[in-house]
Amino acid sequence: MAKVESNFKNMTATLLVITLVASAALGLVYQSTMEPIDLAQQAKINNAIKAVLPEFDNQPGNEAYSVAVDGGELTFYLATKDGQPVGTAVKTFSNNGFAGLIELMVGFLPDGTINKVAVISHKETPGLGDKIEPQKSEFSVQFEGKSPENFKLLVKKDGGDVDAITASTITSRAYCDALARAYNELKKGGKQ
Amino acid sequence: MSKVAQLTKGILRENPIFVLVLGMCPTLATTSSAFNGMGMGLATTFVLLSSNVVISAIARFIPDKVRIPSYIVVIATFVTIVDLVMQAYATKLYESLGIFIPLIVVNCIVLGRAEAFANKNTIFDSLLDGLGMGIGFTFALTLLGSVREMLGNFSIFGLPIIPKEPFWLKEVFFHDPILVFVLAPGAFIALAYLIAIFNRFKK
Amino acid sequence: MDSKLVVSPSPHVHSGESTRRLMFNVVLALMPAFAVSLYYFGIGALFVTLLSILSCVLFEYLIQKFILKVQPTITDGSAIVTGLLFAFNVPSNLPWYIVVTGSLFAIGVAKMSFGGLGSNPFNPALAARVFMLISFPVQMTSWPLPIESRLKYIDAVTGPTPLAILKEGLKKGDTISQIADQIPSHLQLFMGVMGGSLGEISALALLIGFAWLLYKKVITWRIPISIFATIFVFTGILWLINPEQNADPIFHLVTGGVMIGAIYMATDYVTSPMHPKGMLIFGLGIGLLTVIIRVWGAYPEGVSFAILIMNAFVPLINRYVKPKRFGEEVKRNG
């Protein structure tokens, strides 16, 4: 069979057919993956909340509210069990990381003490700043069970109570900055 | 060329990474661990295989002047499918590969095989070619990822090869891995040595 | 046809220079700095230096003998210089396995992979130093304090370098006068009483070595002096604009790796331009990059990065600034 000639009519028709078929196929795939993708997204948020709060039985993702602060946004997730509040997870951030933005999820118990902290995203140097990740070092453990009321969220070098990561003072400062921001907003919000 | 050779040429003799040196961007960027390398390799294999088959089937009906845009549309469709499916069912891998999944569209190997092979061969040969090239690519990425993970993280597929808290003293032997290998410069160094070794044994 | 290509107006006169003699002079010129280092850092300095030299020479021998299968050339002394310079660029409490890994990197990756002495585009000791810095950031940036650490190796008392104090302080929002009392005086810095890599601390000792190299005509003044001048002028301008945010030029000259980098690393024959004018361009580039990294970069010190970056430009500089060919007419002024 001879090759199809490259005239205007043939070219238009070919491209039209190919793009039509392609978009139809994509539409189909999109339809069928929409729900799993939503579920996966929700599971991700829920997992992050689960990692920092005691057990809960509601869907904190549905009872979230956001506050714009310092050029960014803090999101508060309220967790309850049998209708009783068990804590608030706060998605917080700091722009002062060694490589820019650091996003954390902090779990506060109803009395304002920090339950646990998880890292959502960061671009810190591997081997130095990435020790803020709980699986990489013990750094984040020192915050557990402490109330920012009497545990000063500053590195020791700046007169606070936090043991900075060796050779990563800047990252440690940014981490404290994110925690302090979450705590201050939590107190202001008064939605405990 | 026999059907078997059609399949195996992509694995060793014409390995896309070690011999053709194509698709360097995902190769260097996604091989920070063996698992990521393998995930990237498998995603690319799927795209390569499907686009090769489809393109060899429709190549006859496409006018020459619009063949490249047509191929790209076909490839982009398959890449988007992979993107959506991974997002739904392999969220963790999807996050660590990030932007490099959509970038498979511009991977030289995919368009290269479409232009150099699929549009002038039968569907079955194109299928074998795509599969072989995909296996070769996956093999290379997994190998590179393993080497980098072993040196740069002291683990392979996430399993530590040196215990996290070794029993020996910090002063006596390595406690911390050689970080440079999980960073960009390490990718170039590891790839260069793998190519050198590969060439030495190919002779 | 072939005979046309042979240019051979014999007899030739041998200049008496050999790689071995050059390397010997470089080693000799580094001895004052080594003595200072032994005085301040004691056994740590001795151990790291010996280990580094030994492993560099051993790796060169093993690679040439068993992988490249050529006659080993360890007697030319270039591996000794690489080992010595690598040791001079690391802290004196560096664990032994990092010293050995660094030596393997210097000789194996940065030198032999490119074809050995004369073919390497980057200074092997510096390349190794930078790769170890990226790989082991904690160990490579914990600097033993001078004198206190004399009798200690691994358990040395550590503290930040003056440049790190400066960077840290400025980042926190302090001014120069607030930071000043944490930093030793200029005279102390000149003598080398500060934390730092074991061979880079004493500007005085390194300058004595510089004088020796100039006297022996091993190197010319162009690269080191153009680096010093660029750093002095650039930081001088910044200092005049705002003395509360920028350290003075003398401070920048005597701290960190400026002296050892400019005198011993940037002047490496293999990785620096051939033409006098090219050398000045090369020095200017290193000076500018060093200051840019120090003032605006993430790392407190940038000499090694600056030299490596400019190493990459050497082929380009050599292409545009060519030495006159032998026999070509040289224009004289006036």
Side-chain angles (χ1 to χ4, degrees), chain A residues 1-48 99 103 119-131 133 135-138 166-167, chain B residues 32-33 50-51 54-55 57-96 98 119-120 148-149 152-155 158 160 164-165 175-184 186:
Chain A
M1 197 178 97
K3 199 85 178 143
V4 182
E5 204 189 323
S6 291
N7 58 27
F8 182 74
K9 201 184 84 202
N10 281 348
M11 294 198 292
T12 319
T14 315
L15 284 181
L16 194 69
V17 171
I18 290 183
T19 42
L20 270 180
V21 174
S23 40
L26 281 185
L28 213 68
V29 176
Y30 179 70
Q31 280 282 320
S32 52
T33 52
M34 202 159 66
E35 215 185 304
I37 290 177
D38 266 357
L39 283 177
Q41 287 295 342
Q42 208 144 44
K44 203 182 128 199
I45 295 174
N46 269 355
N47 282 338
E103 284 188 298
V119 175
I120 298 176
S121 74
H122 73 86
K123 300 196 238 12
E124 302 304 291
T125 325
L128 284 175
D130 75 342
K131 290 196 178 133
E133 290 175 31
Q135 64 268 34
K136 294 226 164 99
S137 86
E138 303 283 282
T166 317
Chain B
S32 56
S33 72
S50 346
S51 65
V54 170
I55 286 168
I58 64 172
R60 286 181 299 158
F61 309 109
I62 299 174
D64 257 354
K65 281 188 181 161
V66 290
R67 70 177 195 288
I68 299 290
S70 310
Y71 297 168
I72 289 287
V73 171
V74 172
I75 294 166
T77 308
F78 284 113
V79 171
T80 314
I81 292 175
V82 171
D83 189 74
L84 289 171
V85 170
M86 273 181 103
Q87 208 176 337
Y89 300 107
T91 324
K92 216 156 177 188
L93 184 63
Y94 177 79
E95 266 164 29
S96 55
N119 68 357
K120 34 180 117 54
R148 291 180 62 192
E149 194 183 341
N153 199 30
F154 284 169
S155 68
K164 268 250 139 54
E165 289 297 325
H175 259 235
D176 302 311
I178 308 168
L179 268 183
V180 72
F181 283 99
V182 291
L183 302 172

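So you know, we letter chains A, B, ... as the sequences are listed, proteins then strands, and number each from 1.
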Peer 1: Step through the shown structure and confirm whether more than 12 heavy atoms of other residues, nucleotides or ligands are within 6.0 Å of NZ on Lys65(B).
Peer 2: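 Not buried by this count: 12 neighbours or fewer within 6.0 Å.
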Peer 1: Please step through side-chain contact (heavy atoms from CB on, under 4.5 Å) for the pair Asn10(A) and Ile62(B), ending with a clear verdict.
Peer 2: CA-CA 8 Å; Asn10(A) 281 348; Ile62(B) 299 174; over 6 Å; no
Peer 1: Can you find a pair of side-chain heavy atoms, one from Ile58(B) and one from Thr14(A), that are under 4.5 Å apart?
Peer 2: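 No - every pair of side-chain heavy atoms lies 4.5 Å or more apart.
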Peer 1: Would you mind reporting whether Leu15(A) and Ser70(B) have side-chain heavy atoms less than 4.5 Å apart?
Peer 2: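 Counting from C-beta outward, Ser70(B) and Leu15(A) do come under 4.5 Å.
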Peer 1: Please round to the nearest 0.5 Å and tell me the distance separating atom CG of Asp83(B) and atom OG1 of Thr33(A).
Peer 2: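 It comes to 9.5 Å.
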Peer 1: Looking at Leu26(A) and Ile81(B), what are the two nearest heavy atoms and their distance?
Peer 2: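 That would be CD2-CG1, 3.8 Å.
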Peer 1: Does any heavy atom of chain A fall under 4.5 Å from the side chain of Phe78(B), the backbone, both, or neither of them?
Peer 2: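 Looking at Phe78(B), nothing touches chain A.
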Peer 1: What option among Leu84(B), Thr91(B), Val73(B), Val74(B) has the most heavy-atom pairs under 4.5 Å with chain A?
Peer 2: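 Heavy-atom pairs under 4.5 Å are most numerous for Leu84(B).
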Peer 1: Can you name the nearest heavy-atom pair linking Ala40(A) to Gln87(B), along with the distance?
Peer 2: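 The answer is CB-O, 4.0 Å.
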